[in-house]
Amino acid sequence: MADKYCVFGNPIGHSKSPIIQAAFARQTGQDIEYRAILAPSDGFADAVDAFIAEGGKGANVTLPFKQEAYQLATRLTQRAEQAGAVNTLVFNDNEVVGDNTDGVGLLRDITITLNYPIRDKRILLLGAGGAARGVLGPLLGEHPESLVIANRTEVRARSLAAHFAPIGPVSGCGYGELAGRAFDIVINATSASLSGSMPALPNGIFAPGSLAYKMMYGLGDTPFRIFAREQGAGMISEGLGMLLEQAAESFFVWRGVRPDCAPVVELLQKKA
Ligand code: NDP
């Protein structure tokens, strides 16, 4: 009988995870069944219990349950601890392991797929929400020259920077303080594109040959993309690769086999 996995979220109808994980399973010959489960906003723990009771081996967790999954896990990996959130659960006999693969997903997309090294680079991370927090540890682990977190609500950027300061050269500020500075990698981890806007960035933040990376994907030519192009960013990319790489890392955590994301990008583009 196939091993059971799922993704919990609310809403969940939009999730691409079932298509991605099914493609990984076909590609690697793993016998798994993966489905999306809509958990009630106040019923995440019950939904997890019910899935374990039917023999579930593991799960992905998406909005709005990543913090709850962090609380629910009986053991956390170091990267989940650092991120303060869990997007991958493993159900063993006597424990629920909480992991976080978002950060490594972004890293693999930038350093392997886009072939853009992070070491000694000046990074600007826009946003100070869950997604920003999840990628800070892995980014700092690559030894950038500096990492600046800028956020609309300045105090959130500063407190996130203070939290991660023991790990590497990170500072926090508001968008106004970016004037006159340039960066090699600019990562947009805000949800501003959802409202058709972008952070209030000054001109000149993209150094020659820089990478502009927007975590949110699939919204076409957003204000951030247009701005990055007009300001001369060397490369512009979006978070579909990150989504696939975090899924591949979860698959690896569960099955011990690493799938290849490239063929699945084509599959998703065909289905879009
Ligand atoms: P949160 O709600 O935790 O944080 C949202 C962030 O966006 C905050 O920093 C907020 O600033 C900022 N923001 C929202 N609206 C605006 C605006 N109009 N102008 C400037 N800043 C704004 O969301 P997450 O961190 O969980 O997610 C952020 C984005 O990353 C989402 O769009 C999500 O889809 C994407 N994502 C993509 C992944 C992938 O695999 N590709 C994985 C995870 C996330 P403030 O603090 O001032 O409110």
Side-chain angles (χ1 to χ4, degrees), residues 1-106 108 129-131 133-135 137-138 215 239-240 242-259 261 264 267-268:
M1 203 172 60
D3 288 340
K4 291 182 180 178
Y5 297 87
C6 72
V7 55
F8 292 106
N10 187 337
I12 198 63
H14 66 288
S15 175
K16 296 190 184 334
S17 295
I19 298 173
I20 296 171
Q21 296 293 348
F24 287 164
R26 277 196 303 277
Q27 183 195 105
T28 59
Q30 293 283 309
D31 188 16
I32 73 162
E33 176 198 305
Y34 187 104
R35 69 184 201 265
I37 295 182
L38 175 73
S41 331
D42 58 353
F44 174 66
D46 288 345
V48 171
D49 283 348
F51 188 64
I52 293 174
E54 66 167 87
K57 299 273 187 217
N60 283 127
V61 181
T62 188
L63 293 176
F65 299 123
K66 290 185 182 182
Q67 266 76 33
E68 243 184 285
Y70 178 87
Q71 302 296 337
L72 180 141
T74 56
R75 181 162 69 82
L76 293 165
T77 61
Q78 195 205 6
R79 56 195 185 183
E81 186 79 64
Q82 224 172 37
V86 158
N87 78 334
T88 304
L89 292 168
V90 182
F91 306 128
N92 292 334
D93 285 344
N94 296 314
E95 61 176 7
V96 174
V97 184
D99 198 354
N100 191 309
T101 65
D102 281 335
V104 80
L106 175 70
R108 290 180 67 88
R133 187 184 165 112
V135 301
M215 276 197 200
L240 186 63
M242 173 181 175
L243 175 82
L244 282 161
E245 290 292 350
Q246 62 80 28
E249 183 73 9
S250 296
F251 192 90
F252 179 69
V253 165
W254 296 323
R255 310 300 296 180
V257 186
R258 186 175 291 287
C261 292
V264 187
L267 178 79
L268 287 178

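- Residues passing the side-chain hydrogen bond (donor to acceptor under 3.5 Å, both in side chains) test with Glu68: none are found, sequence neighbours excluded.
- Here Ser15 pairs with Val7, Ile12, Ser17, Pro18 under the side-chain contact (heavy atoms from CB on, under 4.5 Å) rule; sequence neighbours left out.
- Asp99 and Thr77 share a donor-acceptor pair across their side chains, judged by distance under 3.5 Å alone.
- Side-chain contact, Asn87 with Thr101: a donor N or O sits under 3.5 Å from an acceptor N or O.
- Annotation: salt bridge (charged side-chain N to carboxylate O under 4.0 Å, His left out) contacts involving residues 43-52, sequence neighbours excluded, are absent.
- With sequence neighbours excluded, the residues forming a side-chain hydrogen bond (donor to acceptor under 3.5 Å, both in side chains) with Asn92 are Glu95, listed by chain and number.
- Applying the ring-ring contact (aromatic ring centres under 6.0 Å, His included) test to residues at least two apart or on different chains, the pairs with a partner in residues 61-87 are Phe44-Phe65.
- When the side-chain contact (heavy atoms from CB on, under 4.5 Å) test is applied to Arg258, the partners found at least two apart in sequence or on another chain are Arg108, Glu249, Phe252.
- Considering only residues two or more places apart in sequence or on other chains, Phe24 meets the ring pair (Phe, Tyr, Trp, His ring centres under 6.0 Å) condition with Phe251.
- Applying the side-chain contact (heavy atoms from CB on, under 4.5 Å) rule to Ala2 yields the partners Asp31, Glu33; only residues at least two apart in sequence or on another chain are considered.
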Full working for side-chain contact (heavy atoms from CB on, under 4.5 Å) between Val48 and Val96: CA-CA 10 Å; Val48 171; Val96 174; 5.6 Å; no
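- In this structure Asp3 satisfies the side-chain hydrogen bond (donor to acceptor under 3.5 Å, both in side chains) test together with Arg255, sequence neighbours excluded.
- With sequence neighbours left out, Phe51 forms a side-chain contact (heavy atoms from CB on, under 4.5 Å) with Lys4, Cys6, Phe8, Arg35, Ile37, Glu54, Phe91.
- Listed by chain and residue number, nothing satisfies the side-chain hydrogen bond (donor to acceptor under 3.5 Å, both in side chains) test with Gln82 (two or more places apart in sequence, or in another chain).
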